[in-house]
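Everything on this sheet refers to the single structure shown next.
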2 protein chains.
Amino acid sequence: MPLTSYPGVVTRQSYHHGDLRRALLTAAADAIADSGVTALSMRDLARRAGVSHAAPAHHFADKAGLLTALATDGFERLTKALATSRLASNSLLELGVTYLRFALANRATFEVMFRTDLYHADDPELLAARRQAADALYAGMTDLPDAPLAGPSTTGPARPAKEGTAELVSDDVREAGLAAWSMVHGFATLWLSGAFPDSAQEDPVQAARQILGRVRQLGG
Amino acid sequence: MPLTSYPGVVTRQSYHHGDLRRALLTAAADAIADSGVTALSMRDLARRAGVSHAAPAHHFADKAGLLTALATDGFERLTKALATSRLASNSLLELGVTYLRFALANRATFEVMFRTDLYHADDPELLAARRQAADALYAGMTDLPDAPLAGPSTTGPARPAKEGTAELVSDDVREAGLAAWSMVHGFATLWLSGAFPDSAQEDPVQAARQILGRVRQLGG
DNA sequence: CAGGATAACTAGTCAGTGGCAAGATTCGGG
DNA sequence: CCCGAATCTTGCCACTGACTAGTTATCCTG
């Protein structure tokens, strides 16, 4: 019986796993969520998936490669969430709330996304995904009610798009966006790390809404 | 010749190192700064210090123990820096700048400080140091020019000090502090991780000053 | 000024990990 | 149908963190 079982894992019947790549990614997110990235082990992920310890190497070049894929997937999902939020509310404050919600709901992935020493930071797919997330973030500013350059969202690929992401927005709006991004990102990070004295009691989304409202041009 | 040399390390003459604990901590900070925490190796630190691979165990229980000490030292130095800043400028905005300057100047230590999965988060010394840093942060708010409860800094040990740190300040000032802390922490984190599109060009302190000025009750 | 307790360090060992190589099994396009 | 390619397995190696036992220096007490 070469196919050893693992608690909580359905013993695989066929020689091929079927969707090992996805299984490893979700297993990694789970493992990180309750044990931290430091304790993450490739071999443990393989055991959870019910495959041999060398199987993951065929889907990810190395450990950093797996985390690169995890981070890339995270940026892509964040982009989608931000785009959805922008369509729904047209508010930069709500965009920040969406950002926080994503961080809270995807704790493990979020932590990996912003720890560049964990993955291959020069991976083209990752860079593209991160770029898109930043674009989705800055794109929300052009639609701000009080944004000077507010206009229809031109997110088509025909856009020139030089190196700096958002050259269409004014410096003022850009600065407000930087402020909001920094604030909500810091809040999420500090909250997740338990740095706030009484983080267990309050509602994070509520608190984030309050402090985001203190950013000029976001207040309402 | 049992005492093997190491590039950049003065070969030790006596059997005892003298100040191995400090040497390991500084070596750790250096190693993390240019290779990341993930690549940090106890044995490598021992080699850098010119001692055997088991020597560090006498000063730190385990790897997490060393990082606990590093984080504790970081919180203590941050506390000192914040206190100094408060005496100098009496401005919450400048307090934030000091926070950022500390993060930039102590990149490796700063990263460790807010990654609780890396060290023993329940260590009493660490908790005390972190608490003091939070106190130093919130203490600055009581001295704010426009703070409702501004008064002489009562940092004596005679203070009751329940679990929540700063019960003396009003909710409004407390919220402004939370906003500023989140913002400057997020800015530092994003900057250090290279998340900003053009982080290499601009001056981080200058940018931080601008966005901190957008927090209501902090602006000029 | 002993001399025993103690702190600091060394050497050896072990399980676990990441990564590599070579072989086995299955799938899929000609 | 069959051969190439993708997937997975077994085996191996260097390295790491942690543990144990033994060695050397220091300190402190009588």
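Convention: sequence-line order gives letters A, B, ...; per-chain numbering from 1.
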In this structure, how many angstroms lie between the [atom2] atom of [N] and the [atom1] atom of [X], rounded?
| X | N | atom1 | atom2 | answer |
| --- | --- | --- | --- | --- |
| Leu45(A) | dG18(C) | CG | C1' | 12 Å |
| Arg48(A) | dT17(C) | CZ | P | 12 Å |
| Leu20(B) | dA7(C) | CG | C1' | 13 Å |
| Asp62(B) | dT20(D) | CG | P | 14 Å |
| Leu67(B) | dA18(D) | CG | P | 10 Å |
| Phe60(B) | dA18(D) | CZ | P | 13 Å |
| His59(B) | dA18(D) | NE2 | P | 16 Å |
| Lys63(B) | dG16(C) | NZ | C1' | 14 Å |

Checklist entry - Could you go step by step and tell me if Phe110(A) and His185(A) meet the ring pair (Phe, Tyr, Trp, His ring centres under 6.0 Å) rule? => result CA-CA 10 Å; Phe110(A) 184 78; His185(A) 184 83; 5.4 Å; yes
Item to check | Nucleotide of dG19(C), dC9(C), dC8(D) approaching Ala55(B) most closely (side-chain heavy atoms) | outcome: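 In terms of side-chain proximity for Ala55(B), the closest of dG19(C), dC9(C), dC8(D) is dC9(C).
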Item to check | Ala54(B), nearest nucleotide to its side chain (from dC9(C), dA11(C), dT10(D)) | outcome: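 In terms of side-chain proximity for Ala54(B), the closest of dC9(C), dA11(C), dT10(D) is dA11(C).
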Next on the checklist: For Asp19(B) and His53(B), find the nucleotide of DNA chain C closest to each by heavy atoms; which residue's nucleotide sits nearer the 5' end?
Outcome noted: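 Looking at the nearest nucleotide for each, Asp19(B) comes out on the 5' side.
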Next on the checklist: Looking at Ser193(B) and Leu190(B), would you say the former's side chain and the latter's main chain have a donor-acceptor pair under 3.5 Å?
Outcome noted: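 A pair under 3.5 Å: yes.
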Next on the checklist: Assess the residue pair Leu70(B) and Ile32(B) against the criterion (side chain to side chain contact (heavy atoms under 4.5 Å, CB included)); give the C-alpha distance rounded to whole Å, side-chain angles, the decisive distance to 0.1 Å, and a yes or no.
Outcome noted: CA-CA 11 Å; Leu70(B) 188 65; Ile32(B) 295 173; 4.0 Å; yes
Does [N] have OP1 or OP2 under 4.0 Å away from a side-chain N or O of [X]?
| X | N | value |
| --- | --- | --- |
| Ser41(B) | dT16(D) | yes |
| Arg47(A) | dT17(C) | yes |
| His58(B) | dA8(C) | yes |

Checklist entry - Where do Met113(B) and Leu78(B) land on the side chain to side chain contact (heavy atoms under 4.5 Å, CB included) test, with the steps shown first? => result CA-CA 10 Å; Met113(B) 285 163 63; Leu78(B) 176 59; 4.0 Å; yes
Next on the checklist: Between the base of dG18(C) and the side chain of Arg43(A), is there a donor and acceptor pair under 3.5 angstrom?
Outcome noted: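 Such a pair exists between side chain and base.
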Next on the checklist: Considering every strand and a 4.0 Å limit on heavy-atom distances, what is the contact class for Leu40(A): base, sugar-phosphate, or nothing?
Outcome noted: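 If one applies the 4.0 Å heavy-atom cut-off, Leu40(A) turns out to touch the sugar-phosphate alone, with no base involved.
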Item to check | Spatial distance of atom CD (Glu175(B)) from atom CD (Gln210(A)) [nearest 0.5 Å] | outcome: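 Rounded to the nearest 0.5 Å, the CD-CD separation comes out at 4.5 Å.
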